[in-house]
There are 2 protein chains.
Amino acid sequence: MLKLDQTDKELLTLLQNDSKQTNKELSNKLNLSVTAVYERVKKLEKEGVVKRYVALLNRKQIEKNFMAHCHVRLTQHSKEFVVKFEREIIKLEEVLECYHVSGDYDYILKVLVKDMEAYRDFMVTKLTAIPNIGNTHSIFVIDEVKHTTSINI
Amino acid sequence: MLKLDQTDKELLTLLQNDSKQTNKELSNKLNLSVTAVYERVKKLEKEGVVKRYVALLNRKQIEKNFMAHCHVRLTQHSKEFVVKFEREIIKLEEVLECYHVSGDYDYILKVLVKDMEAYRDFMVTKLTAIPNIGNTHSIFVIDEVKHTTSINI
DNA sequence: TATTTAATAGAAAATAAAACTATAAATTAG
DNA sequence: CTAATTTATAGTTTTATTTTCTATTAAATA
């Protein structure tokens with residue numbers, strides 16, 4: 001695993017907030033040459049510390065303004081059934097995140113759709129169409145208070 | 001609100017998956033000229049459909065390999081107390097996401113830290129240091145099955 | 001002490017973004 | 001219905017950025 005020095009960490013913080021900055025801008029902020037920044041970025045990409053660069057969209061402007069957390073319990077927990085469930089859940093475009101978790105339920109899904117009607121549709125025709133689903137429990141998002149992809153290093 | 005045509009939607013999908021593609025690459029995939037792509041991207045940025053461009057990191061490589069969902073109930077729900085809680089929760093670097101939600105609890109926090117010890121520390125010295133917190137209930141992530149920032153348009 | 005390695009800087013070359021000009025199709029106004 | 005305007009596009013030129021190459025310095029190693 002790559003050892004990160006303070007400059008790497010600062011660089012990663014900058015890139016997490018705005019990946020469209022030029023190397024020149026970054027070099028000014030970090031007091032480095034353009035080449036030094038370039039080499040560091042390439043190294044961080046090559047080592048997999050930087051996974052990818054993406055555009056983040058405004059959910060409201062693309063008509064996806066309804067979010068829910070859906071807790072799911074399976075009926076069977078043998079490896080075969082778990083693998084099958086996970087393979088199916090990954091395919092569902094409405095599911096942005098899926099975690100295998102501790103506690104009362106087996107999985108938590110973060111689901112994003114247009115509205116409640118679309119959520120009902122998702123539950124009835126997509127989620128519960130997957131075999132092996134026992135119980136589900138939906139929690140609806142009233143307001144997004146904080147949402148960042150930037151990890152403090 | 002900007003009306004998106006099919007080309008805009010395809011462009012947004014491409015940018016959500018890889019924002020480092022050149023306009024030339026995008027123009028090939030969309031069967032457009034470089035200028036046409038350039039103009040569309042600028043329009044989408046200006047209208048706020050594209051919120052920002054960010055680098056996504058590999059959590060494991062930066063020693064943040066412990067995630068939990070923390071459900072929080074407040075003791076008081078008047079506007080004054082809610083605002084105060086939200087203002088404090090936003091400041092906490094370990095909290096990547098915070099949602100005001102329906103159901104038994106008032107908020108769900110997505111918390112990312114190094115390990116269980118760091119989580120305990122977060123709970124004891126940061127979260128419960130905020131006044132007005134009643135109950136909390138932590139759900140630990142055993143495995144991340146799916147995680148995308150890309151919204152299907 | 002000599003040699004290698006790692007990190008950096010500066011210059012040059014290659015590439016891409018941005019700005020500009022022009023054209024055609026669609027929309028609007030008279 | 002026709003002229004004017006707007007919108008979306010393409011091609012060209014200019015500007016800026018990325019990438020490569022060469023060189024230097026400091027630290028680590030033999």
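In what follows, every heavy atom counts, from backbone to side chain, and hydrogens, waters and symmetry copies are set aside. Below, read A as the first sequence line, B as the second, and so on, with proteins coming before strands; counting in each chain starts at 1.
One interatomic measurement links the two molecules: NZ of A/K20 to P of C/dA18, which rounds to 8 Å at whole-angstrom precision. Summarising the geometry, the separation between CD on B/E45 and P on C/dA18 is reported as 8 Å, rounded to the nearest angstrom. Rounded to whole angstrom, the span from the CG atom of A/N31 across to the P atom of C/dT8 amounts to 12 Å. Atom pair B/L4:CG and D/dA8:C1' shows a separation of 16 Å (rounding to whole Å applied). The distance between atom CD of B/E39 and atom C1' of D/dT7, rounded to the nearest whole Å, is 11 Å. Rounded to whole angstrom, the span from the CG atom of B/D8 across to the C1' atom of D/dT9 amounts to 14 Å. Put simply, NZ on A/K43 is 17 Å from P on D/dT19, counting in whole angstrom units. As a whole-Å value, the separation of A/Y53 OH from D/dT18 P is 11 Å.
A salt bridge links A/E144 to A/R59: at least one charged side-chain nitrogen sits closer than 4.0 Å to a carboxylate oxygen. At a threshold of 4.0 Å, the pair A/E97-B/K110 counts as salt-bridged, since one of the basic side-chain nitrogens sits closer than that to a carboxylate oxygen.
In this structure, A/Y38 does not reach the C/dA9 phosphate: none of its side-chain N or O atoms is under 4.0 Å from OP1 or OP2. Not one side-chain nitrogen or oxygen of A/K24 sits closer than 4.0 Å to the OP1 or OP2 atom of D/dA16. At C/dA16, none of the side-chain N or O atoms of B/N23 fall inside 4.0 Å of OP1 or OP2 (strictly under the cut-off).
Checked against C/dA17, D/dT18, D/dT9, the side chain of B/R40 finds its nearest nucleotide in D/dT9. Nearest to the side chain of A/L32, among D/dA10, C/dT8, C/dA17, sits C/dT8.
Between A/D121 and A/K126, every side-chain heavy-atom pair lies at or beyond the 4.5 Å cut-off.
For the atom pair CG of A/L14 and CG of A/D18, the computed distance is 9.0 Å after rounding to the nearest 0.5 Å.
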May I have the step-by-step check of side-chain contact (heavy atoms from CB on, under 4.5 Å) for A/C70 and A/Y119, ending in yes or no? CA-CA 10 Å; A/C70 182; A/Y119 188 71; 3.5 Å; yes
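For a distance-only test at 3.5 Å, the side chain of A/T35 qualifies as a donor-acceptor partner of the base of C/dG10.
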